4 protein chains.
Amino acid sequence: MADLHGVIPPLLTPLHADGSIDVESIHRLVAHLTEAGVHGLFPLGSTGEAAQLTNTQRRQVLEAVIEANQGKLPILAGIIASSTASAIEYAEEAHQLGVDAVVATAPYYYTYSQPEIIAHFRQLHAAVDIPIVAYNIPSMVKMNLDQKTINTLAQEGTIIALKDTSGDVSATRGIMLACEGIEGFHIFSGLEWVSDIALEIGADGLVPGIGNIAPADYVAIYDAIQNGDLETARHHQRRMIELFNICYHGHSQASYSAGALGGFKTAMQLLGIFETRQMAAPMTTIPDENVAPIREILEKLDLLPIEA
Amino acid sequence: MADLHGVIPPLLTPLHADGSIDVESIHRLVAHLTEAGVHGLFPLGSTGEAAQLTNTQRRQVLEAVIEANQGKLPILAGIIASSTASAIEYAEEAHQLGVDAVVATAPYYYTYSQPEIIAHFRQLHAAVDIPIVAYNIPSMVKMNLDQKTINTLAQEGTIIALKDTSGDVSATRGIMLACEGIEGFHIFSGLEWVSDIALEIGADGLVPGIGNIAPADYVAIYDAIQNGDLETARHHQRRMIELFNICYHGHSQASYSAGALGGFKTAMQLLGIFETRQMAAPMTTIPDENVAPIREILEKLDLLPIEA
Amino acid sequence: MADLHGVIPPLLTPLHADGSIDVESIHRLVAHLTEAGVHGLFPLGSTGEAAQLTNTQRRQVLEAVIEANQGKLPILAGIIASSTASAIEYAEEAHQLGVDAVVATAPYYYTYSQPEIIAHFRQLHAAVDIPIVAYNIPSMVKMNLDQKTINTLAQEGTIIALKDTSGDVSATRGIMLACEGIEGFHIFSGLEWVSDIALEIGADGLVPGIGNIAPADYVAIYDAIQNGDLETARHHQRRMIELFNICYHGHSQASYSAGALGGFKTAMQLLGIFETRQMAAPMTTIPDENVAPIREILEKLDLLPIEA
Amino acid sequence: MADLHGVIPPLLTPLHADGSIDVESIHRLVAHLTEAGVHGLFPLGSTGEAAQLTNTQRRQVLEAVIEANQGKLPILAGIIASSTASAIEYAEEAHQLGVDAVVATAPYYYTYSQPEIIAHFRQLHAAVDIPIVAYNIPSMVKMNLDQKTINTLAQEGTIIALKDTSGDVSATRGIMLACEGIEGFHIFSGLEWVSDIALEIGADGLVPGIGNIAPADYVAIYDAIQNGDLETARHHQRRMIELFNICYHGHSQASYSAGALGGFKTAMQLLGIFETRQMAAPMTTIPDENVAPIREILEKLDLLPIEA
């Protein structure tokens, strides 16, 4: 994990119409991403609906991703758990299955103080012998991981990286500067609209949900920034912002999350990678009549296979 | 469950110093509550730190409460799960263990729409043959159960009761009026400072966390309101508001929740009912130097045993 | 102001169709309230759209209310100002016009600390020789007046009363208990759905916006609680909760506030007291097609004049 | 206003110890900024404590800035008003005094719908013949100006520019793309830590509060980005992030705003530009013992005059 970098998409979790895990589609997804040149795989994140899966389903997803990957890319397993005890259980299992690292949120039912969040990561680190990436996503977890919290955990070696989806690029930059001297500490951005910028100001990589659909564009952004070719990076970034319009065609009664993740899954179905666009309960699946506008967006961006 | 009513405390979860479930203290707790005349037992709620326990620990708590209860009081098991699938698993297990009902929150990692929350309760109801109480606690879950949502679920028989801990008594009253004609639907209040009021305006019962410590006071409030004796109700209610001061002696680095639940557990230890005041990770346990002010409050309210 | 008590409605501000102050309607409003037996008049509160009026318009409202009142009832002028300096200017003007007290919010553009909020009230008190009522309305002002802040200001005599519209009845009760021993300190509730309860647990009076329309019902609630007649209080309280349904017929593009205050104004127009239902900019006025459901609610509650 | 661009700092408002406007310090401030090469002056913004000044004081500030400027730079006057009516009054006055444009927030006491916010800007535009810049600052105003709102107002010519201080660079970028084809529409960023980035992705200019202290650094960032010299831009940007540490030395009882603006004023006093560091009520002024760490930061960045 010493050179963790690049595009590490948070994998969507394809489901059969009955809600069970669709292992074949996972294999197609891993192939799709690997062929595009991504640098790692991150199953069981927020994009992967991890919080909506049972423990059995989580395990099935990890096993399928590991089998499909055949040891090619580093695998980072999401640990979205409402308690320290569950986080340890999930991480231990992921470790035994053989993933390379875990990406763990703060616990999220109660509201915790920053020292309690630090305690959470320390206990996870003490309990399981696996590298930990801290996952900051206050829109879901209610609490932000403060700069001082990240700095403390990074300095002492409890975490090897941060995945920041706080939405506040100024804060991410502050963390980058504060952690600059820390050997082997990496910062990843989960913001899909400012990936080019995040890389420019020093991020080591990207965790773009929409990268499930268009991984080649995100790899192109990453490569372009490494080569100082801002124009190419801007071109692909703009395509991705346009692609994001697939997120606004959810069921009229659905939450924003169901519309966004549902738009992603619908695109994957149109690409022929997923068999269905089924969401895990209780999220509402995109209705038939809302598929056409998503297809149009993909067509406009030349993302559909020729015969589709 | 047709005549669900009265004082149904959300049970604290006593732990050994190593964090494991303290079954003997659970037995003493159940005896303490039963002797005071409470009308039901509600393990695995927010007060019971359910979100911080492993699945194994949850099961141990339920088994201990069921064994200690010996079939005397109705048992309502908390279902605090971040997904519909997990909620169904937990409810199925609780059902097989033999509890009388479950008290379920909305799922709480993502932000859901009200129709999705309705879908969650309907799927839980379809999957497990057990009465469901809806548990409204937006401070933890992020989303409120709207009046229309409650009304829909109550009308169709998906839920038999509501436990409202929204903090907005006006809203609770609106729900009471809106659900007035629904046969067999019950409303419980989780607000410890206005229990007398909630009962006066029509609540069927109370779910007071601080009732772990002073169940007799809450039973007295309930009985007094039934008898139209407002003065007695006010007297005990005031005692309880004063008792609430035990919540403000947490560790200086702890969250409010850790201080409040920690204050409860410290009181239980001082009463000789709990062996320790240990909190589940990552909450901070009350330090030794903060015990004295909690003892003083208990003494002032004559809640400590004579020899203490 | 030593015996401030009872029903003190926050007066709506009637406007002509061109947005100018409708002085004649103010006279009819004051007569309507006085005849119903209210105990005071509170112009320029949130219900009065004070924050949407110019300084000139505020003055016109005060002058009209003072003239209409003819010295009969105490007048409390709202001071909704985003700064201490403006609050002092408004209070000085109100004092010179001859009102009996002012009802002042915290300043509300920046987010202030509690000590800064205390400083605000102290400076207002030092600058203008008029009794001050603190107005707690965090939904508008962003900040809550904490129990300790209220207690400090009450103890030292900076404020003579609190008008609490925080929505948290538990917190109001905590303030009541904390301020119990303070000579001459009064607490008023701004919550229209739990007026009976607020009075039962010790409030000195009510500030109900919907009392513009049905002041006699609120006076009946107040009198009934004084006489220990809970049944009568409950009856009128229920009518008022039902009346509140006039708040849900705003323009489809309007904010909640515009719908609620617009519903109030529409009712006043239907009662023949206001000439128009015009809102101050930028709030949207209730469209013609939304008047009928409001009329129905008034009719059902027998609030319309016989010939209407 | 057709070529509005560059660094337009929001001017601090220097006060005498008695809280009155310090006109001489305003003259020194305008000279300091002009000499550094800024492209415009923006008095009466949030940084200028506009919401804490009386109408008379606002006018004094504008007059002093206009006099000091001698027609050299465009002046944009802040219009921070809680109502449409007051915004029109302030804008009319600013127009008569001769400023070049106004920078107006949404009204901010009530919570408004987006159509009501659109109505606010349209009424302001219809009433006063002066170019309007929309000022998006949801942390103060509670409401965000949505992309569609900005787009509508820009398309129809109601506003000529946006000053975005929403903190969400992704959203700013979305607005930039959505408004790309609109002739003469400009976007300014109020985010001091990502100024270089904002310019890179298409912002026309910057409105940095901390630019009061170090205007030359922000001008250097602007020039470097124009010249494609990212390295120089990064260098100055990093200095500015470091300079931001002056914001964390407020009085222990003060709000964050009082600490940040107080830190700015303390720096200006140390630079010999402001006579005092006095804050307007009710913000707490920085105490003497907190000046030293601010001086150290300035020294480390070589911002103090040689003899200081």
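Here is the naming used below: chain letters follow the sequence lines, and residue numbers restart at 1 for every chain. Side chains included, hydrogens not; waters and symmetry mates left out as well; all remaining heavy atoms used. The structure presented is a predicted model; accordingly, all values stated were derived computationally and were not measured.
A/L261 places a side-chain heavy atom less than 4.5 Å from the side chain of A/T47.
Neither side chain, A/D168 nor A/S166, offers a donor N or O lying under 3.5 Å from an acceptor on the other. Between the side chains of A/E49 and A/T13, not a single donor N or O lies within less than 3.5 Å of an accepting N or O.
The one candidate from A/L4, A/V207, A/L41, A/L44 that meets the side chain to side chain contact (heavy atoms under 4.5 Å, CB included) condition with A/L76 is A/L4.
Interatomic distance, OG of A/S255 versus CE of A/M279, reported as 8.0 Å (0.5 Å rounding). Atom CG of A/L33 is separated from atom CD1 of A/I8 by 12.0 Å, given to the nearest 0.5 angstrom.
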Exercise. Which is it for A/K142 and A/Y112 under the side chain to side chain contact (heavy atoms under 4.5 Å, CB included) test, yes or no, and what are the steps along the way?
Worked result: CA-CA 9 Å; A/K142 286 184 301 207; A/Y112 294 97; over 6 Å; no
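Within residues 225-239 of chain D, the residues having any heavy atom closer than 4.5 Å to a heavy atom of chain A are D/L230, D/R234, D/Q237, D/R238, listed by residue number.
Chosen from D/E242, D/E192, D/E200, D/R173, the residue pairing most often with chain A at heavy-atom distances under 4.5 Å is D/R173. Ranked by heavy-atom pairs under 4.5 Å with chain D, the list A/L177, A/L191, A/V169, A/I197 is led by A/I197.
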